[in-house]
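In what follows, every chain begins at residue 1, and chains take the letters A, B, ... in the order their sequences are listed.
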Protein chains: 2
Amino acid sequence: MNTTSRTEENYLKAIFQLCERSEEPIATNAIAHAMKTSAASVTDMIKKLSKKELVHYQKHKGVRLTDSGNSMATSLVRKHRLWETFLVNKLNFSWEEVHEIAEELEHIPSKKLIDRLDDFLGNPKFDPHGDPIPDSAGNFTFRKQISLPELAEGAEGVLVGVQDDTMTFLQYLNKLNLTLGTKIKIVERFDYDESTKIVINGKQEQILTNKVCLNLFVKTI
Amino acid sequence: MNTTSRTEENYLKAIFQLCERSEEPIATNAIAHAMKTSAASVTDMIKKLSKKELVHYQKHKGVRLTDSGNSMATSLVRKHRLWETFLVNKLNFSWEEVHEIAEELEHIPSKKLIDRLDDFLGNPKFDPHGDPIPDSAGNFTFRKQISLPELAEGAEGVLVGVQDDTMTFLQYLNKLNLTLGTKIKIVERFDYDESTKIVINGKQEQILTNKVCLNLFVKTI
DNA sequence: AAATATTTTTAGATTAGTCTAAAAATACTT
DNA sequence: AAGTATTTTTAGACTAATCTAAAAATATTT
């Protein structure tokens with residue numbers, strides 16, 4: 001049997017995402033944490049994936065995806081992001097609601113389905129969160145995550161993360177409608193006080209201090 | 001835990017469909033046949049569903065759905081038929097291809113998703129096969145299955161079944177593009193030789209003998 | 001480098017869904 | 001109504017994915 005179970009798929013995707021943030025082999029505990037399960041379960045699953053040649057594995061040395069593991073994970077990411085795009089663009093969901101549903105939809109196996117969906121959506125290159133959507137061959141445009149001060153005047157980015165994740169900071173951002181996925185355009189920088197004027201989601205103008213800017217990470221559009 | 005597993009859902013749907021064709025309690029073997037599994041497995045599952053009060057069950061007496069089992073099954077049918085409609089109307093699948101994919105999609109749990117999909121599709125009352133789509137409260141228009149001679153002149157129906165399912169007859173139908181799901185309009189009946197002129201899928205005109213008509217079942221539109 | 005702490009793996013048990021084979025209940029036939 | 005056939009249920013075993021607790025390996029501290 002050469003199929004991949006839903007659970008195996010979820011492991012592959014978790015490992016893929018951990019690999020994106022580090023060149024090192026991924027630790028058992030890191031996977032356990034991502035999958036909200038025990039280290040023992042992870043070891044069991046790793047052995048299985050290793051036997052199927054989806055991961056490289058040596059005892060106590062962590063794992064990396066093999067080429068075939070990587071391409072499976074990429075295909076899952078493609079499905080996930082296309083479904084998210086569908087939910088937001090066609091069914092009018094807001095971007096915060098869609099993750100959980102897309103987590104289910106990404107396991108629907110038909111390749112034809114996903115390619116048709118891709119066409120139906122107009123072959124988008126990025127999902128509503130600003131993350132790149134792999135094409136049917138698995139290629140995608142990598143967009144570096146940069147801090148707001150690195151974004152050129154006139155350029156646009158999508159908010160993808162924050163440095164300072166204290167409650168007070170997040171609440172402040174929330175008040176400005178600066179949530180993950182928000183589109184930010186740099187209008188002008190003022191050398192006088194190092195402040196920056198931005199436009200949020202194409203309409204709301206806002207002045208940010210340099211301190212705030214340094215804590216915001218965006219991906220360019 | 002009060003959730004319903006994918007497998008339980010598949011059993012509920014199979015029982016629901018068997019209930020549609022008979023007033024009698026559904027036999028273990030009938031379910032086993034529909035689910036392509038052993039009678040032993042069915043008995044095990046029935047016990048579980050019975051404990052959850054989704055079916056009425058007495059040993060050796062077969063099962064019926066309870067109200068709550070029925071409403072779960074109806075919700076699955078709603079999902080299945082809406083997804084099929086989406087696949088055919090929006091993604092340009094042909095109606096024969098969609099069943100298997102919809103079989104997967106129907107297990108996506110979000111009610112909000114399915115209600116939004118319903119709106120997106122324009123709240124269709126019938127799926128591409130001509131089967132009724134339950135609304136979000138579980139109500140649907142029942143359309144009786146009638147043989148072609150019972151369909152009035154000028155009326156339209158969707159082909160949903162055949163009486164004579166010999167290979168030769170099916171091959172003959174295939175040649176005329178008369179496949180399940182095909183739309184048939186009665187144009188005129190000729191008393192002289194009891195033949196009937198129909199239009200297939202809104203374009204192809206065709207004369208059928210009475211013998212053929214008696215073997216075709218349609219649902220009215 | 002020895003002792004301690006942490007991480008990872010193993011061992012053994014559990015649950016859901018399945019199976020086969022045998023036993024029990026029901027239905028058909030003469 | 002007795003015997004045979006069929007259907008349904010039970011019993012016991014298997015697999016996938018999980019768990020806890022203990023053992024083994026690796027990393028850190030003194």
Side-chain angles (χ1 to χ4, degrees), chain A residues 1-15 18-19 21-22 24-65 69 72-73 76 103-104 106-107 109, chain B residues 1-15 18-19 21-22 24-65 69 72-73 76 103-104 106-107 109:
Chain A
M1 184 165 338
N2 218 9
T3 59
T4 311
S5 76
R6 175 166 291 249
T7 314
E8 288 167 344
E9 288 186 345
N10 285 332
Y11 272 95
L12 286 175
K13 219 184 63 161
I15 296 167
L18 292 164
C19 283
R21 318 210 159 154
S22 119
E24 297 300 302
I26 308 305
T28 302
N29 257 354
I31 300 169
H33 182 255
M35 294 290 297
K36 289 175 183 147
T37 186
S38 70
S41 307
V42 173
T43 302
D44 286 350
M45 181 54 80
I46 281 173
K47 282 186 193 162
K48 190 149 49 120
L49 294 176
S50 175
K51 198 173 288 171
K52 291 189 176 188
E53 303 196 10
L54 295 167
V55 297
H56 297 291
Y57 170 60
Q58 283 177 276
K59 272 188 196 172
H60 299 99
K61 295 276 165 73
V63 298
R64 292 248 86 184
L65 291 176
M72 273 199 184
L76 285 166
E103 206 74 5
E104 295 283 330
E106 75 194 8
H107 297 292
Chain B
M1 190 162 332
N2 218 11
T3 59
T4 312
S5 75
R6 177 166 290 248
T7 314
E8 288 167 343
E9 288 188 345
N10 284 333
Y11 273 95
L12 286 175
K13 218 184 63 163
I15 295 167
L18 292 164
C19 283
R21 315 203 165 161
S22 119
E24 297 300 301
I26 307 306
T28 303
N29 257 355
I31 301 170
H33 183 255
M35 294 291 297
K36 289 174 184 150
T37 187
S38 70
S41 306
V42 172
T43 303
D44 287 350
M45 180 54 80
I46 281 173
K47 283 186 194 162
K48 191 151 46 122
L49 295 176
S50 174
K51 198 173 288 171
K52 291 188 175 187
E53 303 195 12
L54 295 168
V55 298
H56 296 293
Y57 169 60
Q58 282 177 278
K59 272 187 195 173
H60 299 100
K61 296 275 165 74
V63 298
R64 295 278 2 175
L65 291 176
M72 274 199 183
L76 285 165
E103 207 74 5
E104 295 283 329
E106 75 194 9
H107 297 292

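Atoms NZ and CD1, on Lys51(B) and Ile46(B) in that order, are 14.0 Å from each other to the nearest 0.5 Å.
For Ala39(A) against Thr28(A), the heavy-atom pair with the smallest separation is O-CG2, 3.6 Å. Gly62(B) and Tyr57(B) get closest at one heavy-atom pair: O-CD1, 3.8 Å. When all heavy atoms of Leu18(A) and Ala34(A) are compared, the pair lying nearest together is CD1-CB, 4.4 Å. In this structure, Asn10(B) and Met35(B) approach most closely via the heavy-atom pair O-SD, 3.6 Å. Of all heavy-atom pairs between His56(B) and Leu65(B), the closest is CD2-O, 3.8 Å.
At least one side-chain nitrogen or oxygen of Tyr11(A) sits closer than 4.0 Å to the OP1 or OP2 atom of dT18(D). The phosphate of dA16(D) has neither OP1 nor OP2 within less than 4.0 Å of any side-chain N or O from Ser5(A). Side-chain N/O atoms of Thr37(B) include one lying less than 4.0 angstrom from OP1 or OP2 on dC19(C).
For the pair Lys36(A) NZ and dT18(D) C1', the interatomic distance rounds to 17 Å; values are reported in whole Å. The distance between atom NZ of Lys52(B) and atom C1' of dA16(C), rounded to the nearest whole Å, is 10 Å. Note: CD1 (Ile31(A)) to P (dT8(C)) measures 9 Å, nearest angstrom. Rounded to a whole Å, the NZ atom of Lys61(B) is 10 Å from the C1' atom of dA25(C). When the P atom of dT18(C) is taken as reference, atom CD1 of Ile46(B) falls 12 Å away, rounded to whole Å. Atom-to-atom, CE of Met35(B) to P of dC19(C) comes out at 10 Å; the value is rounded to the nearest Å. With rounding to whole Å, Gln58(B) atom CD is found 14 Å from dA25(C) atom C1'.
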Contact state string [nucleotides 2-7 of chain C, B base, S sugar-phosphate only, - no protein heavy atom under 4.0 Å]: -----S

Any protein N or O atoms within reach of nucleotides 10-13 of chain D? Criterion: under 3.5 Å, listing atom names and distances.
residue	atom	partner	partner atom	Å
dT10(D)	OP1	Lys59(B)	NZ	2.6
dT10(D)	OP2	Lys47(B)	NZ	2.5

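Using a 4.0 Å cut-off between a side-chain N of Lys or Arg and a carboxylate O of Asp or Glu, Glu8(B) and Lys52(B) qualify as a salt bridge. Using a cutoff of 4.0 Å between basic side-chain nitrogens and carboxylate oxygens, Lys13(A) and Glu106(A) are scored as salt-bridged.
In this structure the side chain of Lys47(B) reaches within 4.5 angstrom of the side chain of Thr43(B), judged on heavy atoms.
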